[in-house]
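First the structure, in the form of structure tokens, and then the observations on it.
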Amino acid sequence: MSRDIFFDRIARINDHTDRGRDAMTAGDGAATSMYSSPVMASAAPGVRRNYQPLLLGLVLGMIAGAIAAGLENPEMPWGPGFAYNGVIVLPTLLALIAGPVMAIAGCVMRNRFPGFFFFALAYFPAVIATAMVDLPLF
């Protein structure tokens with residue numbers, strides 16, 4: 001008895017989805033697809049959505065690195081002698097330390113959080129490279 005009910009349900013599911021193909025609704029209104037997810041035929045899956053985390057990580061890494069580089073540069077406005085230099089030292093050091101920590105965590109959690117992986121992939125080298133550059137901006 002339960003076997004018949006199971007196979008009846010499978011048959012109804014197959015009839016409803018048209019054996020795996022998108023079944024179009026028939027009726028007075030416009031035909032719509034049963035599934036609403038768009039198909040990206042032109043790009044490989046996951047390529048287009050990874051630009052934003054990469055660019056965000058690159059920009060934030062460069063900002064944190066520039067602040068870290070300017071902390072010891074007397075030519076920078078926030079360098080030694082700035083009244084609030086002691087206040088921005090701790091957040092800047094945390095931003096520098098966060099680079100390798102996020103890179104390791106991003107590699108471990110790559111499958112679950114691909115956006116975080118690409119953010120950390122751009123942030124870590126950007127913050128380290130920018131902090132090591134002596135920036136004569138002013």
Residues 84-101, side-chain donor-acceptor partners within the protein, below 3.5 Å, at least two apart:
residue : atom : partner : partner atom : Å
Asn85   : ND2  : Gly79   : O            : 3.0
Thr92   : OG1  : Ile88   : O            : 2.6

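What you find for Phe117 and Gly106 is that their closest heavy atoms are CD1-O, 3.4 Å. The shortest heavy-atom contact between Pro80 and Gly70 is CD-O, 4.5 Å. When all heavy atoms of Ala126 and Thr130 are compared, the closest pair comes out as O-OG1, 2.6 Å. Of all heavy-atom pairs spanning Ala66 and Trp78, the tightest one is O-CZ2, 3.5 Å. Taking each heavy atom of Ala68 and Ala131 in turn, the nearest pair found is CB-CB, 4.1 Å.
Taking hydrophobic clusters as Ile, Leu, Val, Met, Phe, Trp and Tyr residues chained together by side-chain heavy-atom distances below 4.5 Å, Met62 does not share a cluster with Tyr51.
Applying the side chain to side chain contact (heavy atoms under 4.5 Å, CB included) rule to Leu55 yields no partners; only residues at least two apart in sequence or on another chain are considered. Contacts of Ile104 classified as side chain to side chain contact (heavy atoms under 4.5 Å, CB included), with partners at least two apart in sequence or in another chain: none. A search for side chain to side chain contact (heavy atoms under 4.5 Å, CB included) contacts involving Ala105 returns Met109, Phe116, not counting sequence neighbours.
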Test side-chain contact (heavy atoms from CB on, under 4.5 Å) applied to Leu58 and Leu54, step by step: CA-CA 6 Å; Leu58 184 67; Leu54 277 171; over 6 Å; no
